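Following: one structure in structure tokens, then a few remarks.
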Protein chains: 2
Amino acid sequence: MGKHGDADLGGRPPGMTDVARVAGVSAQTVSRALAGHPNVQEKTRAKVLAAVDQLGYRRNNAARMLSSGRSRTIGVVTLQTNFYSRAAVTSGIENTARESGYAVSTATTTSLDTYAIENALSRLADQGVEGIILSVPLIHSSSRIEQLTRSTPTVTIDGSRTDATAILAIDQAQAARTATQHLLDLGHETVWHISGPAEWLESAQRRDGWQAALEAAGRTVPPPLEGDWSPGSGYRNGLVLARIPDVTAIFVASDEMAFGVIRALHEAGLRVPDDISVVGFDDIELAEYCSPSLTTIAQPFEHMGALAVTHLLRRIEAPGPLPEPRSVEPRLVVRASTATAPRR
Amino acid sequence: MGKHGDADLGGRPPGMTDVARVAGVSAQTVSRALAGHPNVQEKTRAKVLAAVDQLGYRRNNAARMLSSGRSRTIGVVTLQTNFYSRAAVTSGIENTARESGYAVSTATTTSLDTYAIENALSRLADQGVEGIILSVPLIHSSSRIEQLTRSTPTVTIDGSRTDATAILAIDQAQAARTATQHLLDLGHETVWHISGPAEWLESAQRRDGWQAALEAAGRTVPPPLEGDWSPGSGYRNGLVLARIPDVTAIFVASDEMAFGVIRALHEAGLRVPDDISVVGFDDIELAEYCSPSLTTIAQPFEHMGALAVTHLLRRIEAPGPLPEPRSVEPRLVVRASTATAPRR
DNA sequence: AGAGACATTGGCATCGATAACATTCTCTGC
DNA sequence: GCAGAGAATGTTATCGATGCCAATGTCTCT
């Protein structure tokens, strides 16, 4: 027989009944054969598959979905940025979903405000996703968000917990403590901090961890500066810190900002790490090639995405009590941007 | 009346007939009212909207799609990487699609081989997308790819042209010529090149542009080195170039590799730009904060994504002859990593 | 041999919305 | 005052696959 799509039917794509006719069975049997249902004779299944192949048949997703009520699609709400972290998490999500036979529909939002997030969630709901991964820091919930997440299994990454949502977080505070402690261990009297924007949960958590570490060691806590994750904001804050004589160690809440900080320090004639040590956060690929290479906190982003999907699919398949919030451990990567405190 | 979802019907989500009943009209009228059809009295439309609101009704996408044959979804095939460029293009696509009322379904592929791309395309086809944006460099086509792209309007970004595909490209060769010429203008005798991996179209185009510029100026063309876009590969190639005495100018095919190159040069005791000038490609956000800040080629990635969608929607709505291939101009951004050639 | 247990298959209603066609109603112009 | 255009709405068939139930067919056990 021909390879594909021969034996035609007026140009329109072949349907299940067409396959059934060619295979000499009922449409129902075709459905079962294709779904891998056990009660179909091997011989029959073979006939069906042959017919499918001959006609170049593909199941119609819309019809399937309508009839079965299942879409085999999960939705991801994510912030539209070029941040390494978001891209990495999304990678992990897509891989794992694909392997499990689920499609991924993404709804990006340009801002973090409640309304924008509601919108993204709505769009996903309209597409009939079976589960949602909220990969945005969710500051304020709203009744609408609560409602949407209640009616669809949802896993939140790195956010605050709403009632209906399982949560998956990287322990930011712990990581920040580790970073800070690393600097203290090197003999620095205290550690300064440049945080992310106030409205991000991660910012607060990292700031808290930093502060906790300092307090635990009985050191003074300098006033934190605030950036917006961008290298530019790091640069501007770096210029400020370069003017303050006491500064010997800085914990920066993201690698990109750290690049900016280091550049500002250089321009001010300060050497890193000889005069000032810098620790970043994220371990972006370029961190190793900064000069000096950047000591930072590596976060298992892809793993996180993968975990989120696993979690979500379990919830979809066996709706039950929420699994325990689970957190994943970040890791300190020591490179060349940190050294023992300069002698005073 | 209550706000939402009161007046319930056995827990199942409200359908169009439910809305129709509440509004006291036929289901068809509801459909028309919601679709913004002109021939509906204002009063009627208002009644419908009120009922929709009261029941918390949402259109069922699967049913819509089945019935109308339209999915209002476009598919994007993209390579799974954390490269800035891909993320930026995707951003542009998503924004524009959203504004035009289309959903975006992404199919990532982990490799560039034909089979992987066929797979990604299939997955999208199964979801019934109305159009496809191929945002991967497509080296070898295949009959299956031809077939899939023929049956669905497709726009290729930065790829080679298949018969059924409209193409949208950044003029890489031109950009590479500009970059190379910039270095020649600064008095460098010749320019070395670190390219991307051989199987990427962009690599070849950038390399060709570089070579053309050198030949046009009657300079010798040094053997090009090959990287894999990663900073690490730039570093390794940088170590090699640092050993070659004549090298005074390097055109690197991506910013990330350029970071690696600069670091390698530093380690070898060479100063940038005093001893060696470096030009990158992409203008990632960090380029400005490299030390020295990186001269590079800025590409309008987001704009590109947006353009792709516009293009695609036009083709979906008015299938006709393929629009002319269109290319967008990149721009040279001069920063501190390039300077006049050192005196010999 | 007869009765049930089980495997395999087909028939038909159904999911929720839309398209095509039919119908009613309201004007306009002669 | 009436034909006929055109607006507003309703009726019915249909999209393609699946779920439920019934109808066979096959096997095993007494």
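None of the values given here were measured: they were computed from a predicted structure. To find a chain, count down the sequence lines: A is the first, B the second, and so on, and within it residues start at 1.
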Distance-only polar pair, side chains of B:Ser122 and B:Arg144, donor-acceptor under 3.5 Å
yes

Along DNA chain D, 5' to 3', what are the outermost nucleotides having an atom less than 4.0 Å from a heavy atom of chain A?
D:dG16 to D:dC20

Between CD of B:Gln41 and P of C:dT24 the distance, given in whole Å, is 18 Å

Could you check if a side-chain atom of B:Val77 sits within less than 4.5 angstrom of a side-chain atom of B:Leu124, using non-hydrogen atoms only?
yes

When you compare the protein's N or O atoms with those of nucleotides 13-19 of chain C, which come within less than 3.5 Å of each other, and at what distance?
| residue | atom | partner | partner atom | Å |
| --- | --- | --- | --- | --- |
| C:dA17 | OP1 | B:Tyr57 | OH | 2.4 |
| C:dA17 | OP1 | B:Asn60 | N | 3.2 |
| C:dA17 | OP2 | B:Met16 | N | 2.4 |
| C:dA17 | N3 | B:Ser67 | OG | 3.2 |
| C:dT18 | OP1 | B:Arg64 | NE | 3.3 |
| C:dT18 | OP2 | B:Ser31 | OG | 2.6 |
| C:dT18 | O4' | B:Ser67 | OG | 2.6 |
| C:dA19 | N7 | B:Gln28 | OE1 | 2.9 |
| C:dA19 | N6 | B:Gln28 | OE1 | 2.8 |

Kindly say whether A:Arg150 contributes a backbone atom to a donor-acceptor pair with the side chain of A:Thr154 at under 3.5 angstrom?
no

Salt bridge or not for B:Asp126 and A:Arg58, using N-O below 4.0 Å?
yes

Would you say B:Gln80 and B:Thr110 are linked by a side-chain donor-acceptor pair, where the criterion is simply a distance under 3.5 Å?
no

Can any side-chain N or O of A:Ser68 pair as donor or acceptor with the backbone N or O of A:Arg64 at less than 3.5 Å?
yes

Answer yes when B:Arg72 and B:Glu130 have at least one side-chain N-carboxylate O distance shorter than 4.0 Å, and no when they do not.
no

Euclidean distance, B:Thr108 OG1 relative to A:Asn95 CG, rounded to 0.5 Å
6.0 Å

Backbone N or O of A:Tyr102 within a donor-acceptor pair of the A:Ser100 side chain at under 3.5 Å?
no

Here the pair of heavy atoms bringing B:Val129 nearest to B:Ser71 is CA-OG, 3.8 Å

Global bending angle along the helix from C:dA1-D:dT30 to C:dC30-D:dG1, which compares the axes of five pairs at either end, to 10 degrees:
40°

